[in-house]
Amino acid sequence: MGRLDVARLRRKKRKALRHPIAHGILLVLAATALAPICILLLNSLRSNEAISGGPIGFPSSPVWSNYTSAWDTAGYSVAFRNSLIVSASTVLGVCTFAGLAAYGLARIRVRGSGLVLVYLLIGLTLPAQLFLTPLFIAWVHLHLNNNLFGLIFIYWGIYMPFGTLLLRSFFISLSPEFEEAARVDGCNELQVFRRVVVPMAWPALVSLAVIIAVWSWNEFFFAVTFLTNPNVQTVAVRYYRFLGIYSSNLADISVGGLVVCCVPVTFFILLQRRFVQGLAAGGLKG
Amino acid sequence: MGVPSIASFVLSLFNWNGIGAAHFIGLQNFRDLFSQDPVFVGAIVHVLKWTAVFLTVPVALGLGAAVLITRINRFQIFYRTILYVPVTVASVVVGGTWAWLMDPIAGVNSVLQAHGLGFMALGWLTNPNIALYSVMFANVWAWWGFLCILFLTGLGQIDQGLYEAARVDGASQWTMFRRITVPLLRPTLVFVGLLTTLWSFTTFDYPYIMTQGGPAHASDTLATWMYFNLINYSSAGYASAIAVSTTGFLLVVIAGYVYTRLRGWDV
């Protein structure tokens, strides 16, 4: 055996050894990442007595009625509908307004657009707490607390900077030739935007939509402040209130946890490439 | 957003409960905060500890896992998907589930006791000395997968030829990590550092959900203390003063970052 073969053999051996260790560590990390969710899944099928007897365990006989009781009596059906309304409206609003604003910022040369960019960056970094107090007082006086639109309006405001910066960086990377061609063919600006820009920007728009959907679904700080009436609460707030009121009803709490995380986790697993690309682009360039 | 932010600055100068008449009291709120409010001072210490932990633990976990994932040749997508799942779970569910698992009687403690490990069954959220760290643990669990994905994106942009060349020159794995990976990941690392600092100073969800800032304010942060002042004690002016102070701290951090860049250090 020549020296080269020995070296190759040694490298092969090292590779074969290194991989199991890497896989082992990663498997442990992956198990830690999934463990609490698995515990929720298992507990959602156990009776309250069984859970208080031991927090971790397999359901001896699955109690499917936990799901119906959480859905109906614990009010998750109403909360689920509210969350759907809030998330869908937030996504639609942010995509529309951020899309128009980003297109303007990327294409139209006007004085002051640099200032708008700085303003958006400041908006991205300012802590939400800074405007909570005045917002809270204003919303109480305008009767916009305990109102889904009041919350949606806030979400539009807080997610706009991220959305605009993300879409702007994408629009800049597009070639303006298509838009010019459409203009020559007699389209007005809005038609150019709708017929040419939006179809080309579709991947970025989908990324933004997925990210905003997950964020607004999971948002807690503003939701818990502004939604105290059970009829308008989103699933996140509903779950939080439920933790406090029915702390002994562990089965319903587990089901509630699953109801809250089912939508974002499904969204992520189905559209993970878009999700990660959008976060990386918007975050790293923003 | 600009209007309420400025309103916050103005409000912080008043003694106001949000409904009745507001009294202008100048900087009295700030004087009270820094000299007569041990909870506020404690909250500053807590967010500094929070920043220190979050600048190290999740970054090390994320970077370590990202490097391991680039080494293996199969199941890469499987791992990056699984590790990211906790990031998409709502903070209420993460906080609620961990708070329940850390319950002094029910949670993991009952499992530990059943297996003769009773000495490890601590009052995770009831002991003032460890409550803050227990809350951090839950938040790290939900957070580090995000950093892992960011690092993976950064690692993917590194030219593999550099590693080949280093290997030919006989560099060890550790040397390659230190001399190639870390310097080329620097933009991502700086971004993560800045983001971590900004978010640590304003952290709210986990302390609020898991401990309500307790026991005895042992896990209060600037955000939870502001929130309790606004909602539970109806002191809008005082709450605004806390929010303005938080923003002030953040401006110092950002100014420091901009200053080092202007000095020509390419961080």
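Lettering follows sequence order; numbering is per chain, from 1. These numbers were taken from a predicted model, which means no experiment stands behind them. Side-chain atoms are counted along with the backbone in the values below, which use heavy atoms only and exclude waters and symmetry mates.
With respect to chain A, the highest number of heavy-atom pairs below 4.5 Å among Leu198(B), Val87(B), Asp205(B), Thr246(B) belongs to Asp205(B). With chain B as partner, the option from Ser254(A), Gly257(A), Cys262(A), Ala138(A) having the largest number of non-hydrogen pairs under 4.5 angstrom is Gly257(A). With chain A as partner, the option from Trp144(B), Trp98(B), Tyr84(B), Phe201(B) having the largest number of non-hydrogen pairs under 4.5 angstrom is Tyr84(B). Per-residue heavy-atom pair counts under 4.5 Å with chain B were compared for Trp215(A), Phe136(A), Tyr240(A), and the maximum is reached by Tyr240(A).
Dense packing is recorded around OH of Tyr163(B), with more than 12 heavy atoms of other residues, nucleotides or ligands lying under 6.0 Å away. Within 6.0 Å of atom CG in Leu270(A), more than 12 heavy atoms from other residues, nucleotides or ligands are found, so the atom counts as buried in its surroundings.
A distance of 13.0 Å separates CH2 in Trp217(A) from OG1 in Thr88(B), rounded to the nearest 0.5 Å. Rounding to the nearest 0.5 Å gives a distance of 11.5 Å between CD1 of Ile25(A) and CD1 of Ile69(B). One distance of note links CD1 of Ile21(A) with CG of Leu68(B); it measures 10.0 Å at 0.5 Å rounding.
Heavy atoms of Trp199(B) lying under 4.5 Å from chain A are absent altogether. When heavy atoms are compared at a cutoff of 4.5 Å, Leu61(B) approaches chain A solely by way of its side chain, counted from C-beta outward. In this structure, chain A has a heavy atom under 4.5 Å from the side chain of Phe146(B), while its backbone stays farther away. Proximity to chain B (any heavy atom under 4.5 Å) is restricted, for Leu40(A), to the side chain, taken from C-beta onward. The part of Tyr239(A) that comes within reach of chain B is its side chain, from C-beta onward, which places non-hydrogen atoms under 4.5 angstrom from that chain. With a threshold of 4.5 angstrom between heavy atoms, Ile37(A) approaches chain B through side-chain atoms but not through N, CA, C or O. If you measure heavy-atom distances from Leu194(B) to chain A, you find no contacts under 4.5 Å at all. For a residue to count as touching a neighbouring chain, one of its non-hydrogen atoms must lie under 4.5 Å from one of that chain's; by this rule Leu27(A) touches chain B with backbone and side chain alike. When heavy atoms are compared at a cutoff of 4.5 Å, Val224(A) approaches chain B by way of both its backbone and its side chain. In this structure, chain A has a heavy atom under 4.5 Å from the side chain of Ile149(B), while its backbone stays farther away. Of the two parts of Gln76(B), neither the backbone nor the side chain holds a non-hydrogen atom closer than 4.5 Å to a non-hydrogen atom of chain A. Both the backbone and the side chain of Ile209(B) come within contact range of chain A, with heavy atoms under 4.5 Å apart.
Residue Ala239(B) comes nearest to Thr133(A) through the heavy atom pair CB-OG1, 3.9 Å, listed as atom of the first residue, atom of the second, then distance. Of all heavy-atom pairs spanning Asn218(A) and Ser91(B), the tightest one is O-OG, 4.5 Å. Heavy atoms only, all atoms of each residue included: Val260(A) and Ala90(B) are closest at CG1-CB, 3.7 Å. Pairing each heavy atom of Thr225(A) with each of Ile231(B), the nearest pair is CG2-CD1, 3.9 Å. Across every non-hydrogen atom of Ala33(A) and Trp141(B), the tightest pair is O-CZ2, 2.9 Å.
Between Tyr79(B) and His23(A), the ring-plane angle classifies as tilted under the 30° and 60° cut-offs.
Contact annotation: the side chain of Leu132(A) approaches that of Tyr227(B) to within less than 4.5 Å [non-hydrogen atoms, C-beta and beyond]. The side-chain heavy atoms of Phe220(A) and Tyr206(B), taken from C-beta on, include no pair separated by under 4.5 Å. With contacts defined as side-chain heavy-atom distances shorter than 4.5 Å, the pair Trp100(B)/Asn43(A) qualifies. Taking the side chain as every heavy atom from C-beta outward, Phe221(A) and Thr202(B) never approach each other to under 4.5 Å. Side-chain contact between Val85(B) and Phe268(A) is present, with at least one heavy-atom pair separated by less than 4.5 Å.
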TODO: Start with the C-alpha distance between Leu101(B) and Ile39(A), add both sets of side-chain angles, then the distance that settles side chain to side chain contact (heavy atoms under 4.5 Å, CB included), and finish with yes or no.
DONE: CA-CA 10 Å; Leu101(B) 284 171; Ile39(A) 293 175; 4.2 Å; yes
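Taking the six-membered ring wherever Trp is involved, the centroid distance between the rings of Phe222(A) and Phe204(B) does not fall below 6.0 Å.
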